[in-house]
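The block underneath contains the structure these notes are about, expressed in structure tokens.
Values below: all heavy atoms of this structure, side chains included; hydrogens, waters and symmetry mates excluded.
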Amino acid sequence: MSLLICKLAKTDTSSIKFINEEMAALKWKPGLEDLECYLSLDDPGVYVAKLDGVPIGSVCFYKYSSTYYSFGIFIVKKEYQGKGYGMKLFNTAMSEVDWSQIVSAYSVPEMVNKYARYGFEFRWMCKGYDVNISKALEILTAMTFNPDLSVKNINEVDQEVLLRYDTAVFGYQRNNFILKWLHAKGRHAKVVVTDEGAIVGYVAARVLYVNEEGYRVGPLFADSTEVAQVLLKALFEDIISHGMSCSKSVIIQCPTEKNENSETLMELLQGRIYTEFVYMTTKGIPNGCFDKWYGITTTELA
């Protein structure tokens with residue numbers, strides 16, 4: 001049997017379908033067109049392993065700067081695990097990473113020791129919440145917010161200013177990705193500005209790859225918990241009015257141990273914890289205003 005490991009092309013629809021369906025089968029709840037958005041980046045580090053032309057695994061990473069890489073999915077189809085294919089795939093992709101710099105990854109707890117062999121260290125715990133949109137909206141609607149905060153649609157704010165806000169909070173520039181991310185099929189996005197016009201937060205959500213499973217939020221960046229609440233209220237109202245899914249479930253993944261306010265917010269909205277995972281890095285902690293991260297953009301892609 002012939003094993004081929006190569007970078008994933010935008011035109012390789014069979015491999016894109018394989019990756020999406022494997023993530024869905026693993027209950028990772030990928031968003032619709034998440035992978036396609038990632039592939040719009042310059043030289044995205046998505047690798048696929050093919051056995052006799054059939055995709056059996058994938059791994060991805062992205063180089064955000066000369067000092068920071070982010071590691072994403074690592075999938076090997078179950079029947080091909082334990083045969084050495086995964087290690088060959090991983091080593092091929094990782095040969096492009098400068099391991100003298102910071103590399104980050106999200107890991108399930110049972111994989112922490114394996115990542116540690118590559119120099120990854122535990123930083124903080126994260127939690128994934130399943131929130132009922134209708135119940136959360138009822139709670140948010142009963143609240144009173146600062147009248148100086150206004151909600152805008154994405155196309156109502158200066159895109160360059162929005163991108164600068166994302167860079168400041170995320171810690172690295174990812175303009176091409178965010179522009180594609182915010183305008184892909186099945187997306188909902190809102191921005192909050194002050195009465196002086198300053199952006200103090202924004203949120204995006206997308207319908208899931210398996211549409212009937214609902215939605216997924218990310219990023220949810222906000223200067224305060226109140227801003228995050230205002231954003232979610234507007235977002236949930238938009239989903240109720242124009243959403244593609246009949247489900248009222250929305251997934252929000254939060255860096256709860258790093259930003260405790262994100263956990264408090266999810267508890268307020270009666271979110272149900274459906275998973276816990278670990279944020280790990282090598283060589284220290286990357287840039288980023290993590291106290292403003294109320295919802296992680298994506299854990300599967302870099």
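Judged by distance alone, with hydrogens and angles left aside, the side-chain atoms of S245 form a donor-acceptor pair with the main-chain N or O of N211 at under 3.5 Å. With hydrogens and angles disregarded, no donor-acceptor distance shorter than 3.5 Å links the side chain of W99 to the backbone of G119. At distances below 3.5 Å, not a single donor-acceptor pair connects side-chain atoms of S15 with backbone N or O atoms of D12. At distances below 3.5 Å, at least one donor-acceptor pair connects side-chain atoms of T194 with backbone N or O atoms of A198. At least one donor-acceptor pair closer than 3.5 Å links the side chain of N91 to the backbone N or O of M87. The closest donor-acceptor contact from the side chain of Y202 to the backbone of V192 lies at 3.5 Å or more, if one exists at all. Judged purely by atom type and a 3.5 angstrom limit, R216 has no side-chain atom pairing as donor or acceptor with the backbone of V207. No side-chain donor-acceptor contact under 3.5 Å links E263 to the backbone of E260. In terms of modelled atom types and a separation under 3.5 Å, the side chain of R187 and the main chain of W181 share a donor-acceptor contact. The closest donor-acceptor contact from the side chain of D158 to the backbone of E160 lies under 3.5 Å.
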Begin with the C-alpha distance, continue with both residues' side-chain angles, and end with the deciding distance and a verdict on side-chain contact (heavy atoms from CB on, under 4.5 Å) for L232 and L269. CA-CA 10 Å; L232 288 178; L269 300 182; 3.7 Å; yes

Start with the C-alpha distance between I102 and N287, add both sets of side-chain angles, then the distance that settles side-chain contact (heavy atoms from CB on, under 4.5 Å), and finish with yes or no. CA-CA 10 Å; I102 298 174; N287 300 334; over 6 Å; no

Quick one, M143 with L268, criterion side-chain contact (heavy atoms from CB on, under 4.5 Å). Give me CA distance, side-chain angles, the key distance, then yes/no. CA-CA 11 Å; M143 299 176 69; L268 170 70; 4.1 Å; yes

Would you check, one step at a time, whether the test side-chain contact (heavy atoms from CB on, under 4.5 Å) holds for K114 with F120? CA-CA 9 Å; K114 183 169 287 189; F120 285 93; over 6 Å; no

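Annotation: side chain of I154 is in contact with side chain of V191 (closest heavy-atom distance under 4.5 Å). You'll find the side chain of I199 stays beyond 4.5 Å of the side chain of D223, heavy atoms only. Side-chain contact between L51 and S2 is absent, with no heavy-atom pair separated by less than 4.5 Å. Residues L3 and K50 form no side-chain contact, since every pair of their non-hydrogen atoms from C-beta on lies 4.5 Å or further apart. In this structure, I73 and W28 have side chains that are in contact, with non-hydrogen atoms separated by less than 4.5 Å. Under the 4.5 Å side-chain criterion, counting only non-hydrogen atoms from C-beta, C254 is in contact with Y129. When side chains are defined from C-beta on, V278 does not count as touching Y115, because their heavy atoms never get closer than 4.5 Å. E36 places a side-chain heavy atom less than 4.5 Å from the side chain of N20.
Residues Y215 and L35 do not share a hydrophobic cluster, defined by chaining ILVMFWY side chains whose heavy atoms lie under 4.5 Å apart. Under a hydrophobic-cluster definition in which Ile, Leu, Val, Met, Phe, Trp and Tyr are linked whenever side-chain heavy atoms come within less than 4.5 Å, directly or via other members, L235 and I139 are assigned to the same cluster. Criterion: ILVMFWY side-chain heavy atoms under 4.5 Å apart, direct or through other members. Under it, L4 and Y47 are not part of a common hydrophobic cluster. V230 is connected to L265 through a chain of hydrophobic side-chain contacts under 4.5 Å among Ile, Leu, Val, Met, Phe, Trp and Tyr, so both are in one cluster. Hydrophobic clustering, with ILVMFWY side chains joined whenever heavy atoms are under 4.5 angstrom apart, groups V169 together with L162.
Smallest separation of non-hydrogen atoms from S107 and M280: CB-SD, 4.0 Å. Nearest heavy-atom pair, Y294 versus S262, reported as atom, atom and distance to 0.1 Å: CD2-CA, 3.8 Å. A pairwise comparison of heavy atoms in P255 and C126 identifies CA-SG, 3.8 Å as the closest pair. The nearest pair of heavy atoms linking K283 to Q101 is CG-O, 3.4 Å. Across E257 and M125, no two heavy atoms sit closer than the pair OE1-N, 2.8 Å. Between V46 and S58, the closest heavy-atom pair is CG1-OG, 3.9 Å.
If you look at F90 and Y118, their ring centroids are closer than 6.0 Å.
To the nearest 0.5 Å, atoms CD1 (I5) and OG1 (T92) are separated by 3.5 Å. The OG atom of S70 sits 9.5 Å away from the CZ atom of R174 when rounded to the nearest 0.5 Å. With values rounded to the nearest 0.5 angstrom, F236 atom CZ is found 10.5 Å from L231 atom CG. To the nearest 0.5 Å, atoms CZ (F74) and CE (M94) are separated by 8.5 Å. Put simply, CE on M244 and CG on L208 are 11.0 Å apart, with the number rounded to the nearest 0.5 Å. The NZ atom of K83 sits 9.5 Å away from atom CD1 of I56, with the distance rounded to the nearest 0.5 Å.
By the neighbour-count criterion of 12 heavy atoms within 6.0 Å, atom NZ of K7 is densely surrounded, having more than that number from other residues, nucleotides or ligands. Residue-environment remark: CD (E138) stays at or below the threshold of 12 foreign heavy atoms within 6.0 Å. Environment of CG in N113: sparse, with no more than 12 heavy atoms of neighbouring residues, nucleotides or ligands closer than 6.0 Å.
With no hydrogens or angles considered, a side-chain donor-acceptor pair links S249 and D130 at under 3.5 Å. Between the side chains of Y172 and D166, no donor-acceptor pair is found at a separation under 3.5 Å. With 3.5 Å as the limit, one finds no donor-acceptor pair spanning the side chains of E300 and Y38. Using modelled atom types, one finds a donor on one side chain and an acceptor on the other under 3.5 Å when comparing Q253 with T299. Under the 3.5 Å distance criterion, with hydrogens and angles disregarded, a donor-acceptor pair is assigned to the side chains of Y68 and S104.
Contact check on E267 versus K127 returns no salt bridge, with no Lys/Arg side-chain nitrogen under 4.0 Å from an Asp/Glu carboxylate oxygen. The pair R206-E33 does not count as a salt bridge, with every side-chain nitrogen at least 4.0 angstrom from each carboxylate oxygen.
The only member of K17, K78, K77 that meets side-chain hydrogen bond (donor to acceptor under 3.5 Å, both in side chains) when paired with E22 is K77. Checked against Y64 for a ring-ring contact (aromatic ring centres under 6.0 Å, His included), the options Y69, F71, F177, F170 give a single hit: F170.
By the salt bridge (charged side-chain N to carboxylate O under 4.0 Å, His left out) test, K233 pairs with E237, sequence neighbours left out.
Relative ring orientation between F290 and W293 is described as tilted, the plane-to-plane angle lying within the 30° to 60° band.
Listed by chain and number, the hydrophobic cluster partners of I251 are Y274, where partners are ILVMFWY side chains within reach of under 4.5 Å, directly or through others.
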